[in-house]
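To start, the structure itself, in structure tokens.
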Amino acid sequence: MTDIAARWAELEERVARACAVAGRSAGEVAILAAVKTRPPEQVVEVLAAGARVLGHNRAQELAAVEPRVRELWPGGYETHFIGALQTNKVNQVLRHATCVQSVDRIELAGKLSAAACRLERTVEVFVEVNASGEPTKAGVAPEEALDLAGAVAALEGLRLRGLMTIGANSPDPGVVRAGFEEMSRLSAELVGRSATAGARELSMGMSGDLDLAVAAGATMVRVGTALFGPRPS
Ligand SMILES: *Cc1c(COP(=O)(O)O)cnc(C)c1O
């Protein structure tokens with residue numbers, strides 16, 4: 001077994017344990033492999049280990065790596081874009097990804113919608129929320145998240161899957177947990193509205209905080225370093 005295959009198996013166990021602790025079933029939480037900075041050969045290893053969702057952060061890297069991975073890996077998988085997205089990169093990203101998790105403003109959603117219509121495709125999206133309020137983080141403010149999500153869901157060519165966040169950068173688990181719990185409340189409110197009742201997903205939790213995220217109701221965790229080791233600096 002390769003290191004990556006062993007880490008994938010450990011990660012699945014970790015997610016299953018976190019689910020069990022929370023009284024949830026392990027099938028409720030998908031694992032997205034965050035592949036930024038990793039070469040195509042390592043991305044293929046994680047697919048061979050069982051990953052079925054990949055996440056990319058940079059348009060240029062996505063465009064370089066994804067075609068090679070498609071060549072090397074015959075099976076099916078989803079490619080998501082999870083990084084900051086400039087509107088002038090929308091077309092490039094949509095050549096390689098089916099889902100954009102980092103929709104944080106209506107202008108970007110409008111561009112994605114226009115591109116989806118032009119391509120005669122449905123583009124899946126998550127609205128990214130800055131639950132921690134840290135100024136360095138992307139995402140719409142929590143108090144504006146439901147309005148943005150409603151507006152995004154109404155755009156032609158887009159399918160809103162749910163909400164996404166990056167956990168607070170804090171050594172205090174209580175602070176991190178509070179952010180995830182706020183996301184869980186927002187998600188419940190979103191699903192309670194008829195226009196967005198289908199947007200049930202909640203993408204949150206990374207290598208360092210996924211246990212807290214699963215406890216708070218994450219349906220997708222996004223994991224890089226726990227699968228691939230530390231990123232080259
Ligand atoms: C890199 C990244 C992750 C994974 O982070 P790790 O700490 O390496 O697990 C998750 N989400 C986003 C948006 C990222 O950029």
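Atom set for the values below is all heavy atoms of this structure, side chains included, hydrogens, waters and symmetry mates excluded. As the structure lists them, so they are numbered: ligands from 1, and atoms in each ligand from 1.
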State whether Tyr77 and Arg70 meet the cation-pi test: NZ (Lys) or CZ (Arg) under 6.0 Å from the six-membered ring centroid, and within 45° of the perpendicular axis.
yes
Between Arg185 and Glu181, is there a salt bridge with N-O shorter than 4.0 Å?
no
NZ/NE/NH1/NH2 to OD/OE distance under 4.0 Å, Glu10 and Arg7:
no
Test log, rule side-chain hydrogen bond (donor to acceptor under 3.5 Å, both in side chains), inputs Thr225 and Arg231
CA-CA 7 Å; Thr225 48; Arg231 275 182 285 280; 5.1 Å; no
Nitrogen or oxygen contacts under 3.5 Å, ligand 1 side and protein side:
{"unit_1": "ligand 1", "atom_1": "8 (O)", "unit_2": "Thr225", "atom_2": "N", "d": "2.9"}
{"unit_1": "ligand 1", "atom_1": "8 (O)", "unit_2": "Thr225", "atom_2": "OG1", "d": "3.3"}
{"unit_1": "ligand 1", "atom_1": "8 (O)", "unit_2": "Arg231", "atom_2": "NH1", "d": "2.8"}
{"unit_1": "ligand 1", "atom_1": "8 (O)", "unit_2": "Arg231", "atom_2": "NH2", "d": "3.3"}
{"unit_1": "ligand 1", "atom_1": "9 (O)", "unit_2": "Ser207", "atom_2": "N", "d": "3.0"}
{"unit_1": "ligand 1", "atom_1": "9 (O)", "unit_2": "Ser207", "atom_2": "OG", "d": "2.5"}
{"unit_1": "ligand 1", "atom_1": "9 (O)", "unit_2": "Gly224", "atom_2": "N", "d": "2.8"}
{"unit_1": "ligand 1", "atom_1": "11 (N)", "unit_2": "Arg222", "atom_2": "NE", "d": "2.9"}
{"unit_1": "ligand 1", "atom_1": "11 (N)", "unit_2": "Arg222", "atom_2": "NH2", "d": "3.4"}
{"unit_1": "ligand 1", "atom_1": "15 (O)", "unit_2": "Lys36", "atom_2": "NZ", "d": "2.7"}
{"unit_1": "ligand 1", "atom_1": "15 (O)", "unit_2": "Asn57", "atom_2": "ND2", "d": "2.7"}

Applying the side-chain contact (heavy atoms from CB on, under 4.5 Å) test to Val127, which of Leu146, Leu190, Leu160 qualifies?
Leu160
Could you list the residues that satisfy side chain to side chain contact (heavy atoms under 4.5 Å, CB included) with Val90, not counting sequence neighbours?
Leu85, Leu94, Leu108, Lys111, Leu112, Ala115
